[in-house]
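Step one of this worksheet: look at the structure below.
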Amino acid sequence: MQRPIKKAIFPVAGLGTRFLPATKAMPKEMLTVVDRPLIQIAVDEAREAGIEHFIFVTGRNKSVIEDHFDKQYELESTLRKRGKSVELEILEQDLPAAGQTSFTRQQEPLGLGHAIWCARNIVGDEPFAVLLPDMVMHAKPGCLGQMIATYNERGGGNVIAVEKVGLDQVHRYGVVGAKDWRGNGFTIDRMVEKPRAEDAPSNLIISGRYILQPEVFDEIQAQTPGAGGEIQITDAMIRLMARQPFHGLAYEGTTYDCGDKLGFLAANVAYGLERDDLGPEFRTVLQKIISEHGGRVTWKGE
Ligand code: G1P
């Protein structure tokens with residue numbers, strides 16, 4: 001019987017330089033899609049998938065994230081006094097229970113693999129999930145929930161969610177090679193971090209959700225810096241592939257890369273349009289803007 005996935009790591013130490021000046025004093029993970037911070041969207045996805053322990057790997061200037069997952073007594077008492085019960089309920093629902101969050105720091109920006117490794121003692125000897133909050137997965141059920149179903153069907157191992165992109169985009173991501181497709185799942189037989197289009201094994205990118213076995217920590221520890229001088233999680237997974245299965249899942253949904261301005265804007269449009277309270281009016285406003293600007297809305301991969 002495969003061991004259940006109860007812990008998730010959220011690497012949130014990155015500087016967010018692509019969003020300056022917005023991220024000068026505020027962590028990029030607090031940027032919002034409509035009214036929900038990116039980090040909250042990722043935590044919601046993890047909770048829906050049954051995660052019980054949320055581990056944030058933070059850095060300097062990220063204390064707002066810790067505050068976000070705490071009670072705000074002053075705010076709550078003001079809302080209560082003003083009879084704002086809907087807002088109070090939202091705050092309550094969003095909050096993980098006491099003791100379900102842990103925060104640890106990545107002291108130096110040594111790469112995503114290193115950030116994940118910083119959480120090793122909190123994770124301990126059990127399989128875990130990793131969610132990169134920049135990557136917003138618009139899916140029902142959520143992407144991690146779909147991955148856990150695959151994990152259970154396949155009897156454990158490691159699982160990576162992938163998304164199809166145009167070949168001109170692959171150089172920005174990790175890319176996998178796929179064989180033995182069954183439904184929307186497959187076996188990963190190769191991985192390359194940020195390949196040139198001509199070297200990419202496919203157009204399936206590692207989209208920012210992982211289920212990993214704890215042995216990956218040893219692989220990270222043994223590692224020297226890879227692409228971009230960083231300790232890459234992809235390099236550790238490539239080594240682990242020699243002794244453990246890696247399953248790919250072309251999950252049902254759409255990835256919005258909110259580490260990128262275009263993806264961030266697209267996510268806001270997509271989430272805004274589907275909101276009951278905003279969607280119809282927002283559609284009218286958008287149509288007006290587009291017709292006035294004579295522009296065409298396009299999105300990568302379309
Ligand atoms: C990281 C991973 C890469 C993955 C990407 C998704 O890259 O190394 O494999 O495709 O996240 O966002 P980074 O965005 O840290 O450069």
Side-chain angles (χ1 to χ4, degrees), residues 8-19 23 27-29 31 33 38-39 41-42 45 57-59 106 108-119 129-139 143-144 147 158-178 188 190-197 199-212 216 219-220 223-241 246 248-251 253-264 266-267 300-301:
I9 301 176
F10 300 83
V12 291
L15 289 177
T17 48
R18 275 191 274 174
F19 275 89
T23 50
K28 64 173 172 168
E29 296 78 13
L31 290 169
V33 175
L38 295 175
I39 189 64
I41 296 173
E45 180 187 328
V57 181
T58 72
Q106 184 186 28
E108 290 174 85
L110 296 178
L112 178 59
H114 179 263
I116 292 170
W117 179 79
C118 288
V130 178
L131 296 94
L132 308 186
D134 278 6
M135 301 299 267
V136 170
M137 314 312 230
H138 188 254
C143 180
L144 186 61
M147 291 168 72
N158 303 271
V159 184
I160 294 177
V162 302
E163 168 104 357
K164 209 179 261 179
V165 298
L167 264 183
D168 59 329
Q169 297 292 325
V170 293
H171 67 278
R172 300 171 50 199
Y173 301 101
V175 180
V176 303
I188 295 176
R190 272 186 75 193
M191 279 183 222
V192 190
E193 184 64 17
K194 306 204 169 72
R196 294 183 306 180
D199 301 328
S202 73
N203 61 348
L204 299 171
I205 62 155
I206 298 175
S207 64
R209 299 291 182 274
Y210 311 75
I211 291 174
L212 296 170
V216 78
E219 298 296 350
I220 300 171
Q223 205 163 297
T224 47
E230 294 189 340
I231 305 280
Q232 301 285 349
I233 188 63
T234 305
D235 293 338
M237 295 192 299
I238 290 169
R239 291 222 298 274
L240 192 57
M241 256 168 66
F246 272 77
L249 176 69
Y251 82 102
T254 307
T255 305
Y256 294 99
D257 182 350
C258 291
D260 174 71
K261 283 173 200 146
L262 187 60
F264 176 71
K300 72 173 189 219

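Read the numbers this way: they start at 1 and go in the same order the structure lists the ligands and their atoms.
Using a 4.0 Å cut-off to heavy atoms of Gln232, the atoms of ligand 1 that qualify are 8 (O). Atom numbering of ligand 1 starts at 1 in the shown order; those under 4.0 Å from a heavy atom of Glu193 are 2 (C), 3 (C), 7 (O), 8 (O), 9 (O). Those atoms of ligand 1 that come under 4.0 Å of a heavy atom in Thr234, given as number and element, are 9 (O).
Put simply, the side chain of Ser202 gets close to the backbone of Val176: a donor and an acceptor are under 3.5 Å apart. At distances below 3.5 Å, at least one donor-acceptor pair connects side-chain atoms of Gln223 with backbone N or O atoms of Gln232.
The 12-atom threshold is exceeded at CG of Leu167, counting heavy atoms of other residues, nucleotides or ligands nearer than 6.0 Å.
The shortest distance between side-chain heavy atoms of Arg172 and Val165 does not fall below 4.5 Å.
Between Leu132 and ligand 1, no N or O atom pair is found at a separation short of 3.5 Å.
The single protein non-hydrogen atom nearest to atom 1 (C) of ligand 1 is Leu112 CD2, 3.8 Å, given as residue, atom name and distance. The nearest heavy-atom contact from the protein to atom 4 (C) of ligand 1 is Ile206 O, 3.3 Å. The shortest contact between atom 7 (O) of ligand 1 and any protein heavy atom is with Lys194 NZ, 3.3 Å.
For the side-chain contact (heavy atoms from CB on, under 4.5 Å) test with Tyr210, the passing option among Val216, Val159, Leu131, Ile233 is Ile233; the others fail.
Counting only N and O atoms by type, the side chains of Glu193 and Thr234 include a donor and acceptor under 3.5 Å apart.
Remark: atom 13 (P) of ligand 1 lies closer than 4.0 Å to at least one protein heavy atom.
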